[in-house]
Structure formats: structure tokens, C-alpha cells
Visitor: 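After the C-alpha cells below, expect a handful of questions from me.
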Protein chains: 2
Amino acid sequence: MTNAVTRNELKQRLSAVGLKATHQRIVVYEALTALHGHHPVAEAVYQLLKPAHPTISLGTVYKTLDSFVETGLIKRVLTEAGGKRYDTNLVPHSHIYCSNTKEILDYEDAELDALVTDFFRKKNLENFDMSSVSVQLNGVKKDPEGKISIK
Amino acid sequence: MTNAVTRNELKQRLSAVGLKATHQRIVVYEALTALHGHHPVAEAVYQLLKPAHPTISLGTVYKTLDSFVETGLIKRVLTEAGGKRYDTNLVPHSHIYCSNTKEILDYEDAELDALVTDFFRKKNLENFDMSSVSVQLNGVKKDPEGKISIK
DNA sequence: CTCCCTGCAAAATTTTTGCATCAAT
DNA sequence: ATTGATGCAAAAATTTTGCAGGGAG
């Protein structure tokens, strides 16, 4: 599902963007991929790491996530709940949001992205360089326990 | 542009959703409409109100905004910056976001909403009741001082 | 060996909460 | 008169910052 990244690939990516490949950065990134689909906040990453890495500090997690976003290694997720949430998924994708359970489900569909991107391209926005579009679908799960599936 | 709401209309709307029509709620709502397009945080609403209403408290502004969202009088705006931002505009609309200036511009276009809504309707999502879609267009203004316009 | 990064702790921000008083219905 | 809302202040939650010591290149 998520492309697993080896530590060597990760080290390369880090130095490619000018960041030192420290142990902390590696395990923070791995925690993010382990939490794939959960769009975790910094605290959640920290909690996941603490058992195996008791000396890591929450401040470092915050700084690390910031530096990852700044260098484009990860992205922040749009949310209305107010916290900063992170996502390793750089492929354009949409989110399905259940206002009941507060779940955010990734939904990848190139067709949808093309549809919306084309729409804006045709609109000829002046003074604006479009880089990406995000679509969020809002609603509620009928069965809060069940999964959302697409036929 | 924004439909100006008279105080009487506002009082009616408040009681319609089960909230007492207090002075504070009325001026908070008016501040929100005055800040239309700015998607303000609670603090900004408070600052705008303070000169004319020196006794209003920030806590009340927070509680008021919460109760407005809960009752559907206003909406929270999707953001990746982490704070809670508010919008009186209940009409489905999109946002154009400049990652440089951090501006969020409203973009109302029924055609776009229909396009995306239809797309998902055809997808036949199982176990999900769709209520709305939000589109955010990301990019940067070529001239940070200029306006974005649509031909 | 150099510079960047980490951990720690303090501080700054943002948001929530409890409670006595006050105002809307 | 009743009930819910306000203001205030304290507390909780979240995020940033400064700096001395440590580790990657």
C-alpha cells in the first residue's frame, strides 16, 4: 500500500534535501509510515516512538516534522479540528471525512484530480500559479464501526 | 456580497437553533460577517470587538464560536496551519490558498461543486452519507501584492 | 573538527473549564 | 423565576524557543 522505504533510501532522501540523516529523523519518518492513514499529530508520533526510543524528546518530534514539511518530505493535512496533522503520502489524493467518528480516510483517484485540475485550468486564474488541488468529502458513516468501501 | 443579516433575523436564527439571543452572540456574529473573507480565529474576533465592547471576554468568544459551529450557524474552515478558523459562508464553496501569503480566498462556483458531488455520487460509496464536498486549490500568487481574478 | 541536531526545560500560544454572577425568556 | 450564558481566572493542551552537549559528515 504505502511504498515501504528502506533506511538507505530514507538517508538518501534526507541528505538530498539537506538534512542530516540522524537516528531520530529516521525513526520519526518510520513512525509516520507506520501510522499511515491516521494522519497523526506530533504527540501521537511521540507516543508511538517512546517505548522503543525512551530518550527521544517531544520537542525533537515537533522540529523534525516541521523540517520534513519545509523540505517537502511530508505534507500537512487540511483539518478543521485545529491541530497539525501529518501525512507521508505525497501523491495527490482526497480525503473522506466522517464528522461523527472524526476519521480521515485517504482516497486516491487520479481521475478526480484530473477533473478538478482541468476545471481550474480552464478557468484561467490570473495572478495564480496552481500547484495542486485537494478535495475533501464530508459526511457520516452509516455504521460507525464499519468500513467505507467503493464499488 | 455577504448577505447582511439584520439583528432581528439573527435573533430569530439563534432561537431557531435553541440559543439565547444574547448581546454577545449578536456582536460576535456581526464581527464574523465584518471579517468576511478573512476566516478569522477567535482572537481576531475578540480584538475586533474589544474597542466597542470592552467587557466581552475571550472565553465567551470561544464558547460562542463553538456553539455557532455546533448548531450549524457557521462553519470551521479547513486549514493546515493548525488554528481554528471560522466562516459565516454556508453556501458550498471552494478555497484558493496561497502558500506564500497564507491567504485563503473564497471561490463560489456551483458548477465545480456539482462536478465533484456528481463524481462521488457515481462512485457509490458504501456505508457513507455524503453531505458536502470542499475543494481547495493550492498554489502561489505570482504578484503577492496583486489580486487573483478569474476570466 | 565543524556544524547541525538533540534533549531538556522554560515560555509562548491556543483552547478549555469551573464557578459565581447576570441576563434572556 | 428559571435556566442558560457571561466574565474571570485558572488550568490544560499545543507548539515554539534557547541553549549546552552530542553526533553526523
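What you see below is based on every heavy atom in this structure, not just the backbone, and it leaves out hydrogens, waters and symmetry mates.
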Visitor: Can you check each nucleotide of nucleotides 1-7 of chain C against protein heavy atoms at under 4.0 Å and return B for base, S for sugar-phosphate only, - for none, in 5' to 3' order?
Guide: --BSSSB
Visitor: Take the protein atom NZ of B:K11 and the nucleotide atom P of C:dA23, then report the distance between them rounded to whole Å.
Guide: 15 Å
Visitor: Just how far, in rounded Å, is C1' of D:dG7 from CG of B:L58?
Guide: 11 Å
Visitor: How close or far is atom P of D:dT14 from atom CZ of A:R76, stated in whole angstroms?
Guide: 15 Å
Visitor: Is the distance between the ring centroids of A:F128 and A:F120 under 6.0 Å?
Guide: no
Visitor: Within the structure provided, determine whether A:V28 and A:F68 are in side-chain contact (heavy-atom separation under 4.5 Å).
Guide: yes
Visitor: Would you call the rings of B:H39 and B:H95 parallel, tilted or perpendicular, where under 30° means parallel and over 60° means perpendicular?
Guide: perpendicular
Visitor: Kindly compute the distance separating OG1 (A:T79) from CG (B:L78), expressed to the nearest 0.5 Å.
Guide: 7.0 Å
Visitor: How far does the helix from C:dC1-D:dG25 to C:dT25-D:dA1 bend, going by the axes of its first and last five pairs, to the nearest 10°?
Guide: 50°
Visitor: If I take atom CG in residue B:L49 and atom P in nucleotide D:dG7, what distance separates them, rounded to the nearest angstrom?
Guide: 10 Å
Visitor: Which whole-number value in Å describes the distance from A:Y46 OH to D:dA13 P?
Guide: 15 Å
Visitor: State whether A:Y62 places a side-chain N or O below 4.0 Å from either non-bridging phosphate oxygen (OP1 or OP2) of D:dT16.
Guide: no
Visitor: Taking atom types as modelled, is there a side-chain donor on A:N138 or A:Q136 under 3.5 Å from an acceptor on the other?
Guide: yes
Visitor: Quick one: A:L65 CG to D:dT17 C1', roughly how many Å, whole number?
Guide: 17 Å
Visitor: Within the 3.5 Å criterion, strictly below it, is a donor on B:S57 or B:T60 matched to an acceptor on the partner's side chain?
Guide: yes
Visitor: To the nearest angstrom, how far is B:E70 atom CD from D:dG4 atom P?
Guide: 14 Å
Visitor: Any heavy-atom pair between the side chains of B:L137 and A:M130 that's under 4.5 Å?
Guide: yes
Visitor: Output yes when at least one side-chain N/O atom of A:K84 is less than 4.0 Å from OP1 or OP2 of C:dT14, else no.
Guide: no
Visitor: With a 4.0 Å cut-off on heavy atoms, is B:A42 in touch with a base, just the backbone sugar-phosphate, or nothing at all?
Guide: nothing
Visitor: Answer yes or no: is there a side-chain heavy-atom contact under 4.5 Å between A:L32 and A:P40?
Guide: yes
Visitor: Does either side chain, that of B:H93 or that of B:D113, offer a donor lying less than 3.5 Å from an acceptor on the other one?
Guide: no
